[in-house]
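Sequence positions, counted from 1, serve as the residue numbers for this chain.
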Amino acid sequence: MYAIVEIAGQQFKVSKDQKVYVHRLASEEGTQVTFDKVLLIDDNNNITLGAPAIEGASVEAKVLQHLKGDKVIVFKKKRRKGYKKKNGHRQSLTQIVIEGINASGATKKATKKEAVAAE
(Lines give C-alpha, C1' and ligand atoms only; values in the text may rest on other atoms or scores of the structure.)
Protein backbone atom coordinates (compact mmCIF):
# COMPACT_ATOMS: atom_id res chain seq x y z
CA MET A 1 0.00 0.00 0.00
CA TYR A 2 1.32 3.41 -0.91
CA ALA A 3 0.01 6.96 -1.13
CA ILE A 4 0.97 10.14 -2.90
CA VAL A 5 0.79 12.97 -0.40
CA GLU A 6 1.63 16.66 -0.54
CA ILE A 7 3.98 17.72 2.25
CA ALA A 8 5.26 21.31 2.51
CA GLY A 9 4.41 22.06 -1.13
CA GLN A 10 6.05 18.93 -2.59
CA GLN A 11 4.51 15.61 -3.57
CA PHE A 12 5.95 12.37 -2.19
CA LYS A 13 5.18 8.70 -2.83
CA VAL A 14 5.17 7.17 0.66
CA SER A 15 4.49 3.79 2.23
CA LYS A 16 4.48 2.53 5.82
CA ASP A 17 7.82 2.61 7.72
CA GLN A 18 9.50 4.71 5.01
CA LYS A 19 11.86 7.54 5.99
CA VAL A 20 11.48 10.77 3.99
CA TYR A 21 13.41 14.06 4.00
CA VAL A 22 11.04 17.04 3.57
CA HIS A 23 11.41 20.81 3.85
CA ARG A 24 11.65 22.00 7.45
CA LEU A 25 8.43 21.48 9.40
CA ALA A 26 7.45 23.61 12.40
CA SER A 27 7.03 20.56 14.67
CA GLU A 28 9.25 19.43 17.52
CA GLU A 29 11.36 16.27 17.25
CA GLY A 30 9.47 13.18 18.35
CA THR A 31 5.99 14.60 17.73
CA GLN A 32 3.28 13.11 15.55
CA VAL A 33 2.17 15.00 12.43
CA THR A 34 -0.79 14.32 10.15
CA PHE A 35 -0.94 15.23 6.48
CA ASP A 36 -4.47 15.58 5.08
CA LYS A 37 -3.66 16.40 1.46
CA VAL A 38 -3.58 12.81 0.12
CA LEU A 39 -3.79 12.82 -3.67
CA LEU A 40 -3.79 9.07 -4.42
CA ILE A 41 -3.98 5.80 -2.50
CA ASP A 42 -3.07 2.42 -3.99
CA ASP A 43 -4.19 -0.55 -1.89
CA ASN A 44 -3.31 -3.77 -3.80
CA ASN A 45 -4.25 -2.30 -7.21
CA ASN A 46 -7.40 -0.62 -5.81
CA ILE A 47 -6.58 2.94 -6.77
CA THR A 48 -8.40 5.82 -5.13
CA LEU A 49 -7.84 9.12 -6.86
CA GLY A 50 -8.66 12.50 -5.37
CA ALA A 51 -9.94 15.57 -7.12
CA PRO A 52 -7.61 17.17 -6.06
CA ALA A 53 -7.40 15.49 -2.62
CA ILE A 54 -9.17 12.50 -1.07
CA GLU A 55 -11.55 13.61 1.67
CA GLY A 56 -11.15 11.74 4.94
CA ALA A 57 -7.79 10.22 4.02
CA SER A 58 -4.63 11.10 5.93
CA VAL A 59 -1.03 10.05 6.42
CA GLU A 60 0.45 9.91 9.92
CA ALA A 61 4.16 10.45 10.46
CA LYS A 62 6.62 11.03 13.28
CA VAL A 63 9.30 13.73 13.19
CA LEU A 64 12.70 12.09 13.73
CA GLN A 65 15.12 15.00 13.46
CA HIS A 66 15.81 18.43 11.99
CA LEU A 67 18.98 18.76 9.95
CA LYS A 68 20.63 20.61 7.10
CA GLY A 69 21.19 19.22 3.62
CA ASP A 70 24.39 19.13 1.60
CA LYS A 71 26.07 22.41 0.71
CA VAL A 72 25.32 23.76 -2.75
CA ILE A 73 27.80 26.27 -4.21
CA VAL A 74 26.40 28.95 -6.51
CA PHE A 75 29.14 30.59 -8.61
CA LYS A 76 28.43 33.36 -11.11
CA LYS A 77 31.02 34.79 -13.46
CA LYS A 78 31.12 37.06 -16.50
CA ARG A 79 34.26 36.57 -18.49
CA ARG A 80 36.59 39.47 -19.19
CA LYS A 81 34.54 41.76 -16.94
CA GLY A 82 36.09 41.01 -13.56
CA TYR A 83 32.73 39.91 -12.16
CA LYS A 84 32.75 36.90 -9.87
CA LYS A 85 30.22 36.06 -7.18
CA LYS A 86 30.36 32.98 -4.96
CA ASN A 87 27.47 32.00 -2.73
CA GLY A 88 26.58 28.88 -0.77
CA HIS A 89 23.34 27.39 0.50
CA ARG A 90 22.32 24.56 2.83
CA GLN A 91 18.64 23.60 2.80
CA SER A 92 16.91 23.08 6.16
CA LEU A 93 15.30 19.63 6.18
CA THR A 94 13.20 17.45 8.47
CA GLN A 95 13.46 13.66 8.51
CA ILE A 96 10.11 11.93 9.10
CA VAL A 97 9.06 8.27 9.24
CA ILE A 98 5.63 7.29 7.89
CA GLU A 99 3.69 5.40 10.55
CA GLY A 100 0.45 4.76 8.72
CA ILE A 101 -1.86 5.56 5.84
CA ASN A 102 -5.45 6.13 6.89
CA ALA A 103 -7.88 5.61 4.00
CA SER A 104 -11.12 5.88 5.99
CA GLY A 105 -13.72 7.96 4.23
CA ALA A 106 -12.11 7.30 0.86
CA THR A 107 -14.44 5.85 -1.74
CA LYS A 108 -13.01 3.19 -4.01
CA LYS A 109 -12.56 4.07 -7.65
CA ALA A 110 -12.44 1.51 -10.40
CA THR A 111 -9.22 -0.46 -10.65
CA LYS A 112 -7.18 -0.52 -13.82
CA LYS A 113 -8.54 -3.93 -14.75
CA GLU A 114 -12.16 -2.91 -14.13
CA ALA A 115 -11.74 0.30 -16.13
CA VAL A 116 -10.35 -1.61 -19.12
CA ALA A 117 -13.09 -4.28 -18.86
CA ALA A 118 -15.83 -1.60 -18.81
CA GLU A 119 -14.61 -0.16 -22.11
Side-chain angles (χ1 to χ4, degrees):
M1 178 176 195
Y2 71 88
I4 296 179
V5 62
E6 185 172 321
I7 302 170
Q10 291 183 319
Q11 295 177 5
F12 295 93
K13 179 182 176 183
V14 296
S15 58
K16 192 172 182 336
D17 299 327
Q18 180 182 2
K19 292 182 182 178
V20 182
Y21 291 100
V22 298
H23 288 303
R24 180 68 59 100
L25 299 176
S27 302
E28 296 289 325
E29 291 183 10
T31 59
Q32 300 284 338
V33 289
T34 303
F35 304 108
D36 295 329
K37 199 155 189 184
V38 180
L39 306 175
L40 181 139
I41 294 177
D42 184 4
D43 188 15
N44 297 328
N45 284 337
N46 289 330
I47 296 175
T48 305
L49 191 62
I54 302 170
E55 292 187 29
S58 63
V59 173
E60 279 118 30
K62 180 179 178 182
V63 176
L64 294 180
Q65 63 178 338
H66 297 294
L67 59 137
K68 285 190 166 187
D70 294 335
K71 184 178 280 190
V72 178
I73 303 296
V74 180
F75 185 73
K76 298 179 182 179
K77 180 182 177 184
K78 293 186 180 176
R79 62 184 190 155
R80 297 188 303 267
K81 305 295 181 199
Y83 173 80
K84 289 190 266 185
K85 194 159 194 94
K86 184 176 179 180
N87 200 351
H89 176 75
R90 289 185 72 183
Q91 185 69 37
S92 298
L93 301 173
T94 299
Q95 183 183 21
I96 61 173
V97 61
I98 305 300
E99 293 188 335
I101 299 171
N102 184 11
S104 65
T107 57
K108 299 272 179 158
K109 297 282 184 177
T111 62
K112 294 177 187 176
K113 294 177 185 175
E114 293 172 356
V116 171
E119 294 176 359

Note to self: More than 12 heavy atoms of other residues, nucleotides or ligands under 6.0 Å from CD of Gln32: yes or no?
What the structure shows: yes
Next item on the list: Answer yes if Leu39 and Leu49 sit in the same cluster of Ile, Leu, Val, Met, Phe, Trp and Tyr residues linked by side chain heavy atoms under 4.5 Å apart, and no otherwise.
Entry: yes
Item checked: Ala57 to Ala103 - nearest heavy-atom pair and separation -> CB-CA, 4.5 Å
Check: Checking side chain to side chain contact (heavy atoms under 4.5 Å, CB included) against Tyr2, which of Ile98, Val14, Leu40, Asp43 comes through?
Finding: Leu40
Next item on the list: For the residue pair Val20 and Ile7, establish whether any side-chain heavy-atom pair is separated by less than 4.5 Å.
Entry: no
Margin query: For a quick test of reading the model, state the closest non-hydrogen atom pair linking Val59 to Ala3 and the distance between them.
Written below: CG2-CB, 4.4 Å
Notebook entry, point to check: Do Val38 and Met1 share a hydrophobic cluster, counting only Ile, Leu, Val, Met, Phe, Trp and Tyr and linking them when any side-chain heavy atoms are less than 4.5 Å apart?
Noted result: yes
Under 3.5 Å, which donor-acceptor pairs do the side chains of residues 63-73 form with other protein atoms, sequence neighbours left out?
{"from": "Gln65", "atom 1": "NE2", "to": "Gln95", "atom 2": "OE1", "distance (Å)": "2.9"}
{"from": "His66", "atom 1": "ND1", "to": "Thr94", "atom 2": "OG1", "distance (Å)": "3.0"}
{"from": "His66", "atom 1": "NE2", "to": "Ser27", "atom 2": "O", "distance (Å)": "2.7"}

Item checked: Straight-line distance of Ile101 CD1 to Gln18 CD, nearest 0.5 Å -> 9.0 Å
Next item on the list: Examine Ile54 and Phe12 and state if one hydrophobic cluster contains both, with Ile, Leu, Val, Met, Phe, Trp and Tyr joined whenever side-chain heavy atoms are less than 4.5 Å apart.
Entry: yes
Margin query: For the OG atom of Ser58 and the CD1 atom of Ile41, what is their distance to the nearest 0.5 Å?
Written below: 8.5 Å
Next item on the list: Name all residues meeting the salt bridge (charged side-chain N to carboxylate O under 4.0 Å, His left out) criterion together with Glu6; count only those two or more places apart in sequence or in a different chain, and write none if there are none.
Entry: Lys37
Margin query: Could you see if Val22 belongs to whatever hydrophobic cluster contains Val33? Use Ile, Leu, Val, Met, Phe, Trp, Tyr and a side-chain cutoff under 4.5 Å.
Written below: yes
